[in-house]
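What follows is a short report on a single structure.
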Amino acid sequence: MTKQFPQALSIAGSDSGGGAGMQADLKTIQQRHVFAATVLVAITAQNTLGVQQALPLSAAMIDAQFASVAADLEIKACKTGMLADVDQVTAVVRNLKKYDLGPLTVDPVMIAKGGAPLLSEAAVATVRDLLLPLATLATPNLPEAEKLTGATIHTEADMAQAAKALQQIGVKNVIIKGGHFNDNAESNDFVLLEDGSNFWLTSPRIDTINTHGTGDTLSACITAELAKGTPMAEAIRIGKAFVEAAIQDGIVVGHGHGPLNHWAYEARHHEF
Ligand SMILES: Nc1ncnc2c1ncn2[C@@H]1O[C@H](COP(=O)(O)OP(=O)(O)OP(=O)(O)O)[C@@H](O)[C@H]1O
Ligand SMILES: Cc1ncc(CO)c(N)n1
């Protein structure tokens with residue numbers, strides 16, 4: 001007996017340590033019972049302690065992967081993660097314009113938890129000017145939102161302002177993630193939807209260093225839901241619950257910022 005699953009695409013960098021990047025995307029999308037395809041943009045030699053090396057792939061290799069996927073699969077939603085440099089961002093933008101890959105979630109990844117750059121300084125403007133206008137949803141963390149808008153974010157009111165500024169750039173829906181507000185007892189994210197409505201995603205701040213790949217996991221879960229046709233607001237709420245469970249029910253891997261438990265949400269909900 002054959003079964004059909006919706007198909008989603010992760011356009012991202014590889015984390016050899018398995019906790020973030022494309023690996024977090026694959027694990028998350030799989031857990032939501034969506035079939036995951038990939039366009040690899042860069043390879044990192046990485047573990048829970050940091051990024052030891054990074055190798056961006058050529059624009060030609062990125063083009064070839066998009067062409068292969070688009071020629072054969074039926075992608076219903078896609079997301080971007082680590083994009084490395086101007087050449088890679090430009091190639092990804094060219095392909096997103098060429099093929100219909102469904103709603104696009106842009107996680108504008110810039111710096112890994114340990115401080116290693118995952119996007120060059122020069123490419124920030126390319127992401128802002130060429131990629132964000134294509135985004136159905138963007139999910140910046142606080143430093144990323146500051147870089148993209150040029151504003152400083154100290155308060156929850158600043159988060160709401162930054163979301164508006166991103167909509168002015170052309171992003172339809174925005175989540176400003178509050179994970180980096182370290183002295184706040186909660187880890188709250190601000191959501192601004194296309195119709196102008198907004199809400200907060202609230203959760204207690206979990207006291208853990210195992211937060212490697214939180215942002216990737218959130219945006220991948222939302223992408224999987226969008227591939228199923230889940231409405232945006234509900235997809236976002238499922239994403240938040242998924243990442244919260246994955247942080248809460250920690251697992252022991254490595255010696256630094258450990259990865260999340262991608263099984264936790266399904267273990268709690270027994271949906272499938
Ligand atoms: N300690 C924590 N407790 C609870 N929720 C958290 C914690 N840290 C992050 N989160 C949540 O995880 C999600 C991702 O936010 P975060 O700001 O960490 O993203 P990020 O910096 O892009 O992550 P990464 O770069 O590691 O992928 C958000 O929903 C945020 O609220
Ligand atoms: C490859 C890669 N993508 C994204 C992140 C951010 O979590 C990371 N650490 N590594």
Side-chain angles (χ1 to χ4, degrees), residues 10-28 38-57 79-84 88 105-119 138-148 153 156 159 175-191 200-222 236-250 254 256-262 264-265:
S10 162
I11 304 155
S14 162
D15 167 10
S16 54
M22 182 162 279
Q23 284 77 357
D25 291 351
L26 287 171
K27 291 171 188 182
T28 304
T38 58
V39 166
L40 187 60
V41 173
I43 302 169
T44 70
Q46 186 177 174
N47 54 28
T48 65
L49 300 169
V51 178
Q52 288 80 41
Q53 261 191 64
L55 175 73
L57 298 185
K79 67 155 278 190
T80 60
M82 174 188 180
L83 295 178
Q88 287 70 30
T105 296
V106 174
D107 184 6
V109 171
M110 292 183 190
I111 297 172
K113 280 265 148 62
L118 300 173
L119 183 74
T139 64
N141 64 23
L142 295 179
E144 291 158 0
E146 287 186 331
K147 275 253 165 168
L148 293 168
I153 304 176
E156 293 193 334
M159 288 168 78
I175 308 176
I176 310 276
K177 298 173 293 192
H180 291 246
F181 260 142
N182 285 325
D183 44 4
N184 193 332
E186 293 183 307
S187 185
N188 301 337
D189 312 322
F190 181 77
V191 181
W200 285 91
L201 298 168
T202 58
S203 68
R205 178 171 298 278
I206 302 148
D207 185 17
T208 174
I209 61 157
N210 296 332
T211 54
H212 186 57
T214 48
D216 315 83
T217 299
L218 175 71
S219 54
C221 184
I222 296 169
I236 289 171
R237 288 188 195 282
I238 294 171
K240 177 71 168 177
F242 188 98
V243 76
E244 193 180 352
I247 302 170
Q248 248 161 15
D249 297 356
H257 284 289
L260 310 186
N261 178 351
H262 289 103
Y265 184 87

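Starting from 1, each residue takes its place in the sequence as its number. Remember, it's 1-based here, ligands and their atoms both numbered in the order they're listed.
Residue M82 has at least one heavy-atom neighbour below 4.0 Å for each of these atoms of ligand 2: 1 (C), 3 (N). Close contacts of ligand 1 with K177, meaning ligand atoms under 4.0 Å from a residue heavy atom, involve 14 (C), 15 (O), 17 (O), 19 (O), 20 (P), 22 (O). Every atom of ligand 1 is numbered from 1 in the order shown, and the set under 4.0 Å from a heavy atom of P204 is 3 (N), 4 (C). Residue T211 has at least one heavy-atom neighbour below 4.0 Å for each of these atoms of ligand 1: 26 (O). Listed by number with element, the atoms of ligand 2 under 4.0 Å from a non-hydrogen atom of S14 are 1 (C). Residue K240 approaches ligand 1 through these ligand atoms, each under 4.0 Å from one of its heavy atoms: 29 (O), 30 (C), 31 (O). Close contacts of ligand 2 with L118, meaning ligand atoms under 4.0 Å from a residue heavy atom, involve 4 (C), 5 (C), 6 (C), 8 (C), 9 (N), 10 (N). With ligand atoms numbered from 1 in the order given, ligand 1 contributes 1 (N), 3 (N) to contacts under 4.0 Å with heavy atoms of R205. Listed by atom number, the atoms of ligand 1 under 4.0 Å from D216 heavy atoms are 27 (O).
Put simply, CG on L148 and CE on M110 are 4.0 Å apart, with the number rounded to the nearest 0.5 Å. Residue K79 holds its NZ atom at 9.0 Å from CE of M22, rounded to the nearest 0.5 Å. Distance check, rounded to the nearest 0.5 Å: CD1 of I175 to CG of N141 gives 12.0 Å.
A heavy-atom distance below 4.5 Å is not found between the side chains of N210 and I247.
Heavy atoms of H212 come nearer than 4.0 angstrom to ligand 2 in at least one pair. Contact analysis leaves A20 out of contact with ligand 1, as no non-hydrogen atom separation drops below 4.0 angstrom.
Residue D189 has at least one N or O atom closer than 3.5 Å to an N or O atom of ligand 1. Annotation: L218 places no N or O atom under 3.5 Å from an N or O atom of ligand 1; distance criterion only. Any N or O atom pair closer than 3.5 Å counts here, and D216 shares at least one such pair with ligand 2. Taking distance alone, with nitrogen or oxygen atoms compared against 3.5 Å, N141 approaches ligand 1 more closely than that limit. Polar contact with ligand 1: absent for G178 (N/O pair, distance under 3.5 Å). For a threshold of 3.5 Å applied to N or O pairs, the pair formed by V243 and ligand 1 contains no separation below that value. Note: an N/O pair closer than 3.5 Å links K113 and ligand 1 by distance alone. Between Q46 and ligand 2, a contact under 3.5 Å exists for at least one N or O pair. The shortest N/O to N/O separation between D107 and ligand 1 does not fall below 3.5 Å.
Nearest protein heavy-atom contact of atom 6 (C) of ligand 1 is S187 OG, 3.3 Å. The closest protein non-hydrogen atom to atom 1 (C) of ligand 2 is G13 O, 3.4 Å. For atom 2 (C) of ligand 2, the nearest protein heavy atom (residue, atom name, distance) is G21 CA, 3.7 Å.
A donor-acceptor contact under 3.5 angstrom links the side chains of N47 and Q52, judged on distance only.
In L201, neither the side chain nor the backbone holds a heavy atom less than 4.0 Å from any atom of ligand 1. No part of A12 comes within 4.0 Å of ligand 2, judged by heavy-atom distances. When non-hydrogen atoms are compared, ligand 1 lies under 4.0 Å from neither the backbone nor the side chain of E244. Contacts between A24 and ligand 1 below 4.0 angstrom, taking non-hydrogen atoms only, are absent altogether.
Below 30°, between 30° and 60°, or above 60°: for Y265 and F242 the angle between ring planes is between 30° and 60°, a tilted geometry.
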### Query
Hey, mind stepping through N184 and E156 against side-chain contact (heavy atoms from CB on, under 4.5 Å) and telling me if it holds?
CA-CA 11 Å; N184 193 332; E156 293 193 334; 4.0 Å; yes

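At distances below 3.5 Å, not a single donor-acceptor pair connects side-chain atoms of T38 with backbone N or O atoms of S10.
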